[in-house]
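Here is the structure we will look at.
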Number of protein chains: 2
Amino acid sequence: MKTYSISEVAKELNVTAYTLRYYDKEGLMPFVERTASGQRLFKESDIAALNIIECLKSTGMPIKEIKTFIDWCTAGDITLQQRFDMFMERKSVVEKQMKELEETMKLIEHKCYYYKTALEAGTEDIHKNDKIEIPVTT
Amino acid sequence: MKTYSISEVAKELNVTAYTLRYYDKEGLMPFVERTASGQRLFKESDIAALNIIECLKSTGMPIKEIKTFIDWCTAGDITLQQRFDMFMERKSVVEKQMKELEETMKLIEHKCYYYKTALEAGTEDIHKNDKIEIPVTT
DNA sequence: GTAATCTTTAGAGTCAACTCTAAGTCAAGT
DNA sequence: ACTTGACTTAGAGTTGACTCTAAAGATTAC
């Protein structure tokens, strides 16, 4: 079975080897095996697991919570419910992030328009009488 | 013209007064006026500007870059092009974030399904023969 | 007018997530 | 055998963004 060194994996996942060692130190990689001399040997399945870790991280989940998930994985079928619940919660977190990102996008696009027209006019003054936007909650 | 105290603004924007003072210290709020005794007086337009700051922050822009933008605003029409370019770049950053968030969502949803079926079976073993997913670039 | 509750500042402390250093070990090429 | 470069560890250092403290001054409520 093909294995990979830490720097190969780092390159593949676009992180540094330092970061991977840090994750290991924090308990996110209890599954990675070692050679007799102590060097890490990453399997394909380890890289897949790291992809899940990256995915959780990208939802804003802190390392410590990801560790809890890894611990659940190690514990086996007894923690299936916790893991299911966790991913369902992540799903709603990501849904919220998507909505927020859309609001952000609206404002950014409005500003693009604002500056495009200001540039055409040569001055921002053309927007002097724009009404101040009060965020609408409903 | 109605004005607001730092704690009123903090409440409104869902941040702490500490945070607002920190932003001020970092140069994000040169426009906020003061009473004779030195207390900050926030106008509606200041709150609008803080909303833009929050918007930029939510795209992952660091405080120092936001300060650059605020400095451009202070400099006037001469920096219209820079500000337009900045928002156009933010737009493409947010587009990228949206795409990434969709990829994240796909993986999360897949995991929800994975654990839902595992729960129904009472064991994760039913997925033993799932092929390892190799991220597809195209 | 005085107590309670703001506000101000400079500067220190915290926290997460890296990021690096030092000193040593291991592996691959010539 | 020896050099070069990758790997190991513990632990220190960095960064960004707050978060708080202390001591002082200002404002509000009665």
Side-chain angles (χ1 to χ4, degrees), chain A residues 2-43 46-47 50-70 93 97 100 104, chain B residues 2-43 46-47 50-71 90 93 97 100 104:
Chain A
K2 181 142 176 42
T3 59
Y4 304 85
S5 74
I6 194 162
S7 56
E8 285 171 324
V9 176
K11 202 170 196 176
E12 173 95 11
L13 298 179
N14 263 307
V15 294
T16 66
Y18 294 141
T19 302
L20 291 178
R21 288 193 200 99
Y22 165 70
Y23 288 175
D24 199 5
K25 215 185 276 189
E26 294 299 308
L28 303 192
M29 286 151 58
F31 41 74
V32 174
E33 295 186 28
R34 304 285 188 122
T35 64
S37 65
Q39 294 191 212
R40 292 174 185 82
L41 282 183
F42 292 81
K43 305 180 288 297
D46 297 343
I47 295 174
L50 281 166
N51 271 316
I52 303 293
I53 288 170
E54 280 301 300
C55 170
L56 290 173
K57 215 161 60 68
S58 78
T59 72
M61 186 181 259
I63 302 290
K64 277 182 186 174
E65 270 177 60
I66 300 177
K67 177 177 166 23
T68 301
F69 166 67
I70 297 292
V93 165
Q97 288 174 345
E100 281 167 6
T104 297
Chain B
K2 181 142 177 41
T3 59
Y4 305 84
S5 74
I6 195 161
S7 57
E8 285 171 323
V9 176
K11 202 171 195 175
E12 173 95 11
L13 299 178
N14 263 309
V15 295
T16 66
Y18 294 140
T19 302
L20 291 178
R21 289 194 199 98
Y22 165 69
Y23 288 175
D24 199 4
K25 214 185 280 188
E26 295 299 307
L28 302 193
M29 287 150 58
F31 41 75
V32 174
E33 296 185 27
R34 304 285 187 125
T35 64
S37 64
Q39 294 192 212
R40 293 174 184 83
L41 280 182
F42 293 80
K43 304 180 288 298
D46 297 343
I47 295 174
L50 281 166
N51 271 316
I52 303 293
I53 288 170
E54 280 301 300
C55 170
L56 291 173
K57 216 161 59 68
S58 78
T59 71
M61 184 180 261
I63 302 291
K64 277 182 187 173
E65 270 177 59
I66 300 178
K67 178 180 166 20
T68 302
F69 166 67
I70 297 293
D71 291 345
R90 275 304 107 186
V93 165
Q97 288 173 345
E100 282 167 4
T104 297

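Note that this is a predicted model, so its numbers are computed, not measured. Just so we're on the same page: letters track the sequence lines, and every chain starts at 1.
Residues A:K25 and A:G38 each lie close to DNA chain D; by heavy-atom proximity, the contact nearer the 5' end of the strand is made by A:G38. If B:G60 and B:T35 are placed on DNA chain D by their nearest nucleotide, the residue sitting closer to the 5' end is B:G60. Nearer the 5' end of DNA chain C, as judged by each residue's closest nucleotide, is the contact made by B:E8, out of A:P62 and B:E8.
The distance from the CD1 atom of B:I52 to the CD1 atom of B:I47 is 13.0 Å, given to the nearest 0.5 Å.
In this structure, A:N14 places its CG atom 16 Å from C1' of C:dC18, rounding to the nearest Å. As a whole-Å value, the separation of B:E26 CD from D:dT19 P is 14 Å. Atom CZ of A:R21 and atom P of C:dT21 are 13 Å apart (whole Å). For B:E54 and D:dA17, the CD to P distance is 12 Å, given to the nearest whole Å. Between the OH atom of B:Y22 and the P atom of C:dG13 there is a distance of 18 Å, given to the nearest Å. One atom, CG of B:L13, and another, C1' of D:dC18, lie 16 Å apart when rounded to the nearest Å. Remark: C1' of D:dT8 and CG of A:D24 are 11 Å apart, rounded to the nearest angstrom.
Nucleic acid contact for B:K57: sugar-phosphate only, since backbone atoms but no base atoms lie under 4.0 Å from a heavy atom of the residue. Backbone-only contact: B:R40 has heavy atoms under 4.0 Å from sugar-phosphate atoms and none from a base. Residue contacts for A:T16: at a heavy-atom cut-off of 4.0 Å it reaches no nucleic acid atom on any strand shown.
Using a 4.0 Å cut-off between a side-chain N of Lys or Arg and a carboxylate O of Asp or Glu, A:D24 and A:R34 qualify as a salt bridge. In this structure, B:K43 pairs ionically with B:D46, as a charged nitrogen and a carboxylate oxygen lie closer than 4.0 Å.
Closest to the side chain of B:Y18, out of C:dT8, D:dC20, C:dC26, is D:dC20. Closest contact between the side chain of A:I63 and the listed nucleotides C:dA10, C:dC18, C:dT8 involves C:dC18. Comparing atom distances between the B:T19 side chain and each of D:dT19, D:dA17, C:dT8 picks out D:dT19 as nearest. In this structure, of D:dT27, D:dT8, C:dC18, it is D:dT8 that holds the atom nearest to the side chain of A:I6.
At D:dT27, one or more side-chain N or O atoms of B:S37 fall inside 4.0 Å of OP1 or OP2 (strictly under the cut-off). Contact annotation: A:S5 reaches the phosphate of D:dC7 (side-chain N/O to OP1 or OP2, under 4.0 Å). Side-chain nitrogen and oxygen atoms of B:S7 include at least one within less than 4.0 Å of the OP1 or OP2 phosphate oxygen of C:dT7. OP1 or OP2 of D:dC18 lies within a sub-4.0 Å distance of a side-chain N or O belonging to B:Y23.
For the pair B:V32/B:L41, no side-chain contact is recorded, criterion being any heavy-atom separation below 4.5 Å from C-beta on.
Geometric assessment of A:K2 against the ring of A:Y4 yields a positive cation-pi assignment under the 6.0 Å and 45° thresholds.
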